[in-house]
Amino acid sequence: MKAAIYARYSSENQRPESIDDQIRACLEFAALRGCSVAPTHIYKDEAKSGALKDRPGLEALLTASRARQFEAVLVDDLSRLSRDNHFLLTLYADFRFNGVRIMSRADSLDSDDHHAKLGFQMRGIVNELYLDDLREKTLRGQKGQKARGFVVGESTYGYRSVPVGEMRVDRRGRPRPDGYRMVIEPVEAAVVQRIF
């Protein structure tokens with residue numbers, strides 16, 4: 001059976017190697033399931049949220065599936081396709097309409113299985129709730145940083161962001177300060193003053 005692979009990671013804070021890891025896992029999964037994957041049918045989106053519908057790699061995958069260039073789409077887990085349950089079910093219907101099955105390695109789901117639709121819906125809800133929870137925790141963290149007098153987000157023209165407080169190494173080995181403060185960038189500030 002001819003198959004395609006779709007891989008995605010969501011933000012610039014994640015490792016780009018995640019794409020390669022997903023593809024490798026899907027290729028191993030394909031071999032176990034008797035699927036062949038042409039290099040031209042490996043689709044990916046880097047630093048794209050699973051909540052987004054407009055992703056170039058996903059669009060290319062859908063276009064190829066509508067042309068019936070393969071019979072299955074392999075993903076490492078369903079959250080790679082979407083973290084929005086409604087959109088995931090729309091993709092499910094679109095692929096099924098085109099005769100393409102979805103096979104999710106980590107979720108052990110195959111859209112050709114008799115009760116797969118229920119599994120897809122349940123997994124889609126869990127993935128969507130994860131995104132809601134992450135959004136809430138991120139906002140809570142940002143509010144906490146603001147309450148401590150730090151800035152969150154990007155620096156604006158005329159300022160630069162400087163680390164403040166004790167530096168700690170995060171779980172990925174990157175140095176992280178307690179927070180950031182904005183200081184005036186003299187050269188840029190002169191331009192802003194001249195404008196005003």
Would you name the heavy atoms of Tyr9 and Ser18 that are closest together and state the gap between them? CB-OG, 4.0 Å
Salt bridge (Lys or Arg N to Asp or Glu O under 4.0 Å) between Lys48 and Asp54, intermediate numbers included: CA-CA 9 Å; Lys48 298 286 183 186; Asp54 184 23; over 6 Å; no
Could you check if a side-chain atom of Leu74 sits within less than 4.5 angstrom of a side-chain atom of Leu27, using non-hydrogen atoms only? no
Met122 atom CE, neighbour heavy-atom count above 12 within 6.0 Å: no
dist Leu61:CG -> Ile42:CD1 (nearest 0.5 Å) comes out at 12.0 Å
Are Val73 and Val37 linked, directly or through other ILVMFWY residues, by side chains that come within less than 4.5 angstrom of each other? no
Does Phe87 CZ have over 12 foreign heavy atoms under 6.0 Å away? yes
Determine yes or no for a side-chain-to-main-chain donor-acceptor pair under 3.5 angstrom, with Asp113 supplying the side chain and His115 the backbone. no
How long is the straight-line distance from OG of Ser82 back to CD of Glu128, given to the nearest 0.5 Å? 8.0 Å
Would you compute the distance between atom CG of Leu129 and atom CZ of Arg83 and round it to the nearest 0.5 angstrom? 11.0 Å
With distance as the sole test, does Arg168 use its side chain to make a donor-acceptor pair with the main-chain N or O of Asp178 at under 3.5 Å? no
Under 6.0 Å from the CD1 atom of Ile125, do we count more than 12 heavy atoms belonging to anything else shown? yes
Between His41 and Ala3 the two heavy atoms that sit nearest each other are CB-O, 4.0 Å
Looking only at non-hydrogen atoms, find the nearest pair between Ile102 and Phe95 and report the distance. CD1-CD1, 3.6 Å
Measuring from Met103:CE to Arg105:CZ, what's the distance to the nearest 0.5 Å? 12.5 Å
Just how far is it from atom CZ of Arg68 to atom NZ of Lys2, taken to the nearest 0.5 Å? 13.0 Å
Determine whether a donor-acceptor pair (N or O, by modelled atom type, separation under 3.5 Å) exists between the side chain of Asp45 and the backbone of Leu58. yes
Within the structure provided, determine whether Val191 and Tyr157 are in side-chain contact (heavy-atom separation under 4.5 Å). yes
Plane angle bin for Tyr43 and Phe70 - parallel if under 30°, tilted between 30 and 60°, otherwise perpendicular: tilted
Taking a hydrophobic cluster as the set of Ile, Leu, Val, Met, Phe, Trp and Tyr residues connected by side-chain heavy atoms closer than 4.5 Å, whether directly or through intermediates, do Ile5 and Leu88 fall within one such cluster? no
Decide whether Ile184 and Met182 are clustered together by the hydrophobic rule: side chain heavy atoms of Ile, Leu, Val, Met, Phe, Trp, Tyr closer than 4.5 Å, transitively. yes
Are the side chain of Arg96 and the backbone N or O of Ser111 linked by a donor-acceptor pair below 3.5 Å? yes
How many angstroms lie between CG in Leu81 and OG1 in Thr90, if you round to the nearest 0.5 Å? 12.0 Å
Identify the two heavy atoms, one from Val75 and one from Tyr6, that lie closest to each other, and give their separation to 0.1 Å. CG1-O, 3.7 Å
Classify the side-chain pair Thr63/Glu59 by whether it contains a donor and acceptor separated by less than 3.5 Å. no
Using modelled atom types only, decide if a donor and an acceptor are shared between the side chain of Arg8 and the backbone of Ser79 within a distance under 3.5 Å. yes
Phe29 reachable from Leu78 in the ILVMFWY side-chain graph, under 4.5 Å edges: no
Tell me if a side-chain donor or acceptor on Asp77 pairs with a main-chain N or O of Asp107 at a distance below 3.5 Å. no
Determine whether a donor-acceptor pair (N or O, by modelled atom type, separation under 3.5 Å) exists between the side chain of Arg181 and the backbone of Gly149. yes
